[in-house]
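Shown next, in structure tokens, is the structure this report addresses.
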2 protein chains.
Amino acid sequence: MSQPPIRPSDGELAILRVLWSRGLSTVREVHDELLKDREMGYTTVLKLMQIMVEKGLVTRDESSRTHVYRASQGEERTQACLLNDLLQKAFEGSAKSLVVRALSEAQADAAELDEIQAFLDGLKARKP
Amino acid sequence: MSQPPIRPSDGELAILRVLWSRGLSTVREVHDELLKDREMGYTTVLKLMQIMVEKGLVTRDESSRTHVYRASQGEERTQACLLNDLLQKAFEGSAKSLVVRALSEAQADAAELDEIQAFLDGLKARKP
DNA sequence: TGACAACTACGAATTGGTTCGTAAACTGAG
DNA sequence: CTCAGTTTACGAACCAATTCGTAGTTGTCA
């Protein structure tokens, strides 16, 4: 049931973000996208993505000369893993204190607060 | 105003957790506490805590032979930093989606959900 | 075809985190 | 006082992440 824990590093996460938003992508496309944020060499991205293949973070289609990459886990699944990790490491497993701290820090506007509240109501309805 | 971002590593965070819960502590006390979770050498903890002094993560009182350590940042401040980091790296800065994902994953019981809701109400009251 | 551009593979250097052994300084009990 | 135990300091090894240079291959096009 539970898959091996996926803990992408910062660099890996940056690449995954691109793959999640763009979908199937080549190294060049990912590199171009990352360049908007910060300077980095093409082969740096290539190497990272090759390692990510070995780790199973991404898969690639090698049928054409230019390989095409895809994130092997969905964004939500990965977000959940990272949150769970932080939850254990820094919040003693208490989701409540994590959520409260997140809400305290973030400048969520009223509309967002409403959405969160609605979501919360839905949860409570499902839990008698 | 904003302090330099504090990003403790996993090992450092484990030590900070002990300092937060115990308060002023010696290396031995921290080591004993960490041993409950996993095997590790005394000098490993010592070295880590020495490095943390250099980084400013902890301060120490060297007036007695056995140094006494203290976390230099409060737990909440550090939690906020870590959450903010994750927010940017994995949630595109959207606190709402972070909170929603946390609530979806966690098995918060009804009482906890109530507390969160109360907190949310408080927030909304303060934001016209 | 020949040259240039794009792409992959790979090795090497660097950095940061973690681990621990050893040595030196100090403390306290006998 | 002496010695065994405790503590600090420090260096070395190791691993993972990151970065990039170089080499070799493939595709394009003039």
Sugar-phosphate only, base, or nothing, as touched by A/T66 at under 4.0 Å among non-hydrogen atoms: sugar-phosphate
B/V68 vs A/G11, nearer the 5' end of DNA chain D by closest nucleotide: B/V68
Rounded distance in Å - CD (A/E54) to P (C/dC10): 9 Å
Min side-chain heavy-atom separation B/L82-B/L13 under 4.5 Å: yes
Interatomic distance where CE belongs to A/M52 and P belongs to D/dT19 [whole Å]: 13 Å
Gap between atom CD1 of B/I15 and atom CD of B/E33 - 0.5 Å precision: 12.0 Å
Separation of C/dT19 C1' from B/I15 CD1 (nearest whole Å): 12 Å
Spacing between B/D61 atom CG and D/dT8 atom P, to the nearest angstrom: 12 Å
Heavy-atom donor-acceptor pair, B/K47 side-chain to D/dG11 base, under 3.5 Å: yes
A/R22 with A/E29: basic N within carboxylate O range, under 4.0 Å: yes
Touch class at under 4.0 angstrom, heavy-atom based, for B/I51 against every strand present: base
Backbone of A/G23 reached by a side-chain donor or acceptor of A/S25 within 3.5 Å: yes
Rounded interatomic separation in angstrom, taking CD from B/E39 and C1' from C/dT18: 15 Å
Check: A/L48 main-chain N/O paired with A/E12 side-chain donor or acceptor under 3.5 Å: no
Touch class at under 4.0 angstrom, heavy-atom based, for B/S9 against every strand present: sugar-phosphate
Nucleotide nearest A/T43 (side chain, heavy atoms from C-beta), chosen from D/dT19, D/dG21, D/dA17: D/dG21
Helix axis bend for the helix from C/dT1-D/dA30 to C/dG30-D/dC1 - C1'-based end axes, five pairs, 10° rounding: 10°
Any B/Y42 side-chain N or O less than 4.0 Å from OP1/OP2 of D/dT8: yes
side-chain contact (heavy atoms from CB on, under 4.5 Å) partner of B/V45, chosen from B/L35, B/V30, B/V18: B/V30
Given C/dC7, D/dT8, D/dT19, the nucleotide with the shortest approach to the side chain of A/R28: C/dC7
base_contact_polar (D/dT6 base, B/R65 side chain, donor-acceptor, <3.5 Å): yes
A/L46 CG - D/dT22 P separation (whole Å): 16 Å
Closest nucleotide among D/dA9, D/dC20, D/dT18 to the B/H67 side chain: D/dA9
Phosphate-side-chain proximity, B/Q50 and D/dA9, N/O vs OP1/OP2 below 4.0 Å: yes
Protein-nucleotide distance (B/Y69, atom OH; D/dT7, atom C1'), rounded to Å: 10 Å
Listed nucleotide nearest any side-chain atom of A/R60, set C/dT18, C/dC7, C/dA9: C/dA9
Side-chain N or O of B/R38 closer than 4.0 Å to phosphate OP1/OP2 of C/dT19: yes
Rounded distance [0.5 Å steps], CD in B/E76 versus OG1 in B/T78: 10.0 Å
Hphob cluster co-occupancy, A/Y42 + A/M40, side-chain heavy atoms under 4.5 angstrom: yes
Rounded interatomic separation in angstrom, taking NE2 from A/H31 and C1' from D/dT19: 12 Å
